[in-house]
Amino acid sequence: MKSNLLKIPKIILLFFGVVFISAQQKMKIPSDAVFYMEINGKQLDKKLNWEKLTPFMKELTENKNGKASWNDFAKTGIKYDATQFHYATINDSVKSYTTYFVIDNKAKFQEFINSSKKEGLEISKKSKYSYVNFSDEMSVAWNGNRAALSIISYSKPNKDNIFGDDDYAVDSTSVMEDEAYAMVDSAYVDAPFNYKYEIDQLKENIKYLKDNIKDNKKSIAQTKKDIRYLKKHKQYPGDREAIDDKEYGASEEAYTEEEENYSEEDIAYEKEYQKELDSIQRENFKMVKILSVKKFDEFFNSNLEIEVPKEMIAFRDAKSDVFVYTDYGKILNEGIYGKLMNMNDFGGLFMKMYNSNSSYNLYFDNDKVRLVNNYQHKDAKIQKGISDIYNGKVNEKLAALINDENIGYYSMNLNGSKYFDLMYGFVQDAGDMEYQKEMQLIMETMKIILDEEAISKIAPGNGIFVLNELKNKTVKYTEYIYDEDSYDEKEVEKTKEIAVPNFTFAFATENEGYWNRVFNLLITNKNLKKKFTKNGDVYAFKNEKSNDVIDNMYFTVKDGIVYMTTSIENLTPKNQTIASKNWAKESSQYAMSGRLDMQKLITGLDNELKTGSDVKTINAIKKNIGELHFKTEAKGESIQTEMNYKIKNSSENSLMYFFDLFEEIYKINEAEKKPVIM
């Protein structure tokens, strides 16, 4: 008895310990999530100017009566300086997007919900939270200090579908059906006109069009009129637009199902069809609601703290404004996309190639937007193969082509000899690929036959593309105009201005003799020598077609560099300023790097972009658009790319820059809609 009494405190302690542990359980982000995002509200809230945003957002949310759904978007009850968590999952039947955020004013948030939801939608209450459905797919739940938003798209799995559980195979029945249709089509040419058959076909068209009755209302009405005409005249009208409603037999408005003389079977089919559609929608909505409530229960029964799998946040920077993780391997290799891959003979190879993930840290600095991406393949051997490619030798000679006048450039310093090893790694153990053994044998044979070292000397992997400028060129083109009465087409010759790129592509080589032999072939081959000439060490190509984009191309090899350019002037290096020297230095330091002056690019495309009312919008973009820089290198166990977008207007920071630009374009478009007051 005494021993039993001693056990009671232990049992009580164990019981409360279990309860305590359960109460402290965190909300875990699913490990199969294909997308995860954190929004650093503490930093972003300081960068948002609500005095600017609220009036503009009120204008965007105005309804037909001129009333906004909410008055102050800075005071919705949401705690903007708290972290928000987002994630998405995908499978055959369910696609979901979930968001968790903090509430600092429950009453204000409830007001915001009431103003945003549709009239008639009631708020449901559960023991730990309330929730409401905004639509068939979106719902929101909340308690005193937390809220969750769920967007779920559901479609019932269909085993008969090629994307269902059964393996896809072309059966004999489908082949026989295709052959039968082909026989009917071939015989139909010589068969007499059968108006009854035509009526049946048109009725089938109506059933098809009713799948999207809103978009096809006019087509359905016209098809019904054709049925009436065929019943009366036993042929189609020669000119449908010239036949009035009386000739058709009834006006479109007065026409009813009874006048169409639909059979009882037709009417029963339509009723059953609509009933089935309604049933599917109700079933899908019920399933979405069940899944949403399950998500809400899971969250509000936890301690409301979020636990994220370590692999998702391996590259997260706590100082970034937004962090995003995407699992491309799961997106492409699972669910409907995975089944599509499995249908392909080389699906195993593609699935292995894309079996990777990427992490993004986004920063809204005062003068620029900065995005840092870390790419990582899930197979450590393949990741090492990719990193080996990105550890190439540096060639500084190519950097001499960079100068301030360039619109942009794309530079790379890669190890070309490692490409073959990477491709061999993809082919090895690529799942159930049909030709896997054959591909492996081919790759091994090529490795034996080909001299990788010799190939790498032809093009080691150092190259640069420089877009120097865009020039305007007048070209002729033919436009075909159709006569509405006779349906005859007329050819009309017109002219237009197009943008022609002036560029240089250059790459390093350790085998100049090989490329000289290639270029010598251009002037000695009987089919090519008419278009190519040689002047000293430079080979020139002249395009005889004046309407093509490229008129001239020049080729040469000197000092271990192969040049291909549209202008011979580009072969002479220009003076570099401090800025262009820094760009040149960067292009020599990183595996890949580049720059694009987007303002110069749009200016060069002016004649092609400006059409009618778009002129003001293009000018606004041209005035505000910035400059893009990027650099890529192998860093640790990933390939890291940093992109910087420098802003050019007077916005207080790069986050408000996008709002300011969007507002300016929005106002231009709204002004175009309003009538001009004289």
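Just the heavy atoms: all of them, side chains too, but no hydrogens, waters or symmetry mates, feed the values below.
With hydrogens and angles disregarded, no donor-acceptor distance shorter than 3.5 Å links the side chain of S651 to the backbone of S654. Side-chain atoms of S320 do not come within 3.5 Å of backbone N or O of N361 as any donor-acceptor pair. Between the side chain of Q84 and the backbone N or O of T99, no donor-acceptor pair lies under 3.5 Å. Counting only distance, with no hydrogens or angles, the side chain of N303 and the backbone of E305 share a donor-acceptor pair below 3.5 Å. Formation of a donor-acceptor pair under 3.5 Å by the S638 side chain with backbone atoms of Q376 is not found in this model. When atom types are taken as modelled, the side chain of T326 and the backbone of Y328 share no donor-acceptor pair closer than 3.5 angstrom. Listed for the Q599 side chain is a donor-acceptor partner under 3.5 Å among the backbone atoms of K622. Side chain of N653 to backbone of K47: a donor-acceptor contact under 3.5 angstrom is found. Between the side chain of D321 and the backbone N or O of Q43 there is no donor-acceptor pair closer than 3.5 Å.
For the atom pair CD1 (I464) and CG (N462), the distance works out to 10.5 Å, reported to the nearest 0.5 Å. The distance from atom CG of N133 to atom CE of M138, rounded to the nearest 0.5 Å, is 10.0 Å. A distance of 9.5 Å separates CD in E396 from CG in N413, rounded to the nearest 0.5 Å. Atom OG of residue S356 and atom CD1 of residue I382 lie 10.0 Å apart, to the nearest 0.5 angstrom. The line from NZ of K384 to CG of D379 is 12.5 Å long, rounded to the nearest 0.5 Å. Put simply, CD1 on I152 and OH on Y97 are 13.5 Å apart, with the number rounded to the nearest 0.5 Å.
For Y645 and F630, the ring centers sit 6.0 Å or farther from each other. For F505 and F507, the gap between ring centers is short of 6.0 Å. You'll find the ring centres of Y87 and Y36 outside the 6.0 Å limit.
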Working note: K368 + I647, criterion side chain to side chain contact (heavy atoms under 4.5 Å, CB included); need CA distance, chi angles, decisive distance, verdict. CA-CA 6 Å; K368 65 179 180 294; I647 64 174; 5.9 Å; no
Side chain to side chain contact (heavy atoms under 4.5 Å, CB included) between F503 and F465, worked out: CA-CA 7 Å; F503 65 87; F465 175 85; 3.5 Å; yes
Apply the test salt bridge (Lys or Arg N to Asp or Glu O under 4.0 Å) to residues K126 and D297: give CA-CA distance (whole Å), side-chain angles for both, the deciding distance (0.1 Å), then the verdict. CA-CA 9 Å; K126 297 198 73 174; D297 285 343; 3.3 Å; yes
Applying side chain to side chain contact (heavy atoms under 4.5 Å, CB included), run through L48 and Y80 and close with a yes or a no. CA-CA 10 Å; L48 286 170; Y80 290 117; 5.8 Å; no
Apply the test side chain to side chain contact (heavy atoms under 4.5 Å, CB included) to residues K631 and T641: give CA-CA distance (whole Å), side-chain angles for both, the deciding distance (0.1 Å), then the verdict. CA-CA 6 Å; K631 51 191 178 184; T641 299; over 6 Å; no
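Residues N570 and L401 have side chains not in contact (no heavy-atom distance under 4.5 Å, counting atoms from C-beta outward). Residues V369 and N644 have side chains not in contact (no heavy-atom distance under 4.5 Å, counting atoms from C-beta outward). Under the 4.5 Å side-chain criterion, counting only non-hydrogen atoms from C-beta, T89 is not in contact with N91. Looking at heavy atoms from C-beta onward, I621 lies in side-chain contact with I602 at the 4.5 angstrom threshold. A 4.5 Å side-chain heavy-atom check between F35 and Y325 finds every atom pair outside the cut-off.
The pair K616-E664 fails the salt-bridge criterion, with no side-chain N (NZ, NE, NH1 or NH2) lying under 4.0 Å from an Asp/Glu carboxylate O. In summary, K52 and D660 engage in a salt bridge, as defined by a charged side-chain N under 4.0 Å from a carboxylate O. No salt bridge links K294 with E298; every basic N to acidic carboxylate O contact stays at or beyond 4.0 Å.
The salt bridge (Lys or Arg N to Asp or Glu O under 4.0 Å) analysis of residues 34-44, with sequence neighbours excluded, yields the pairs E38-R316. Note on residues 131-155: no pairs pass salt bridge (Lys or Arg N to Asp or Glu O under 4.0 Å), not counting sequence neighbours. Evaluation of the side-chain hydrogen bond (donor to acceptor under 3.5 Å, both in side chains) test over residues 105-117, restricted to residues two or more places apart or in two chains, returns Q110-W142. Applying the side-chain hydrogen bond (donor to acceptor under 3.5 Å, both in side chains) definition to pairs two or more places apart or across chains, those involving residues 582-595 are R595-E627.
Here F56 pairs with F662, Y666 under the ring pair (Phe, Tyr, Trp, His ring centres under 6.0 Å) rule; sequence neighbours left out. Annotation: salt bridge (charged side-chain N to carboxylate O under 4.0 Å, His left out) contacts of E633 (sequence neighbours excluded): none. Evaluation of the salt bridge (charged side-chain N to carboxylate O under 4.0 Å, His left out) rule for D327 yields K330, K378 as partners, not counting sequence neighbours. Remark: K128 pairs with N301 by the side-chain hydrogen bond (donor to acceptor under 3.5 Å, both in side chains) rule, at least two apart or across chains. Y360 pairs by the ring pair (Phe, Tyr, Trp, His ring centres under 6.0 Å) definition with nothing, not counting sequence neighbours. With sequence neighbours excluded, the residues satisfying ring pair (Phe, Tyr, Trp, His ring centres under 6.0 Å) with F299 are Y100. Every side-chain contact (heavy atoms from CB on, under 4.5 Å) that V500 has, sequence neighbours left out, goes to K473, I498, V549. For F659, the ring pair (Phe, Tyr, Trp, His ring centres under 6.0 Å) criterion is met by no residue, not counting sequence neighbours.
At a cut-off of 3.5 Å, with distance as the only test, a side-chain donor of T577 or D404 sits close to an acceptor on the other residue. With hydrogens and angles left out, the side-chain atoms of N502 and E469 include a donor and acceptor closer than 3.5 Å. Inspection of the Y375 and N357 side chains reveals no N or O donor paired with an N or O acceptor under 3.5 Å.
The shortest heavy-atom contact between L422 and G385 is CD1-C, 4.1 Å. Across A584 and Q576, no two heavy atoms sit closer than the pair CB-NE2, 3.8 Å. Taking every heavy atom of both residues into account, A74 and T54 meet most closely at N-OG1, 3.8 Å. In plain terms, the two heavy atoms of N624 and Y657 that are nearest each other are O-OH, 3.0 Å. Across F296 and A148, no two heavy atoms sit closer than the pair CE2-O, 3.7 Å.
Within 6.0 Å of CD in E652 there are more than 12 heavy atoms belonging to other residues, nucleotides or ligands.
Of the candidates L362, V324, V322, L362 is the only one forming a side-chain contact (heavy atoms from CB on, under 4.5 Å) with L371.
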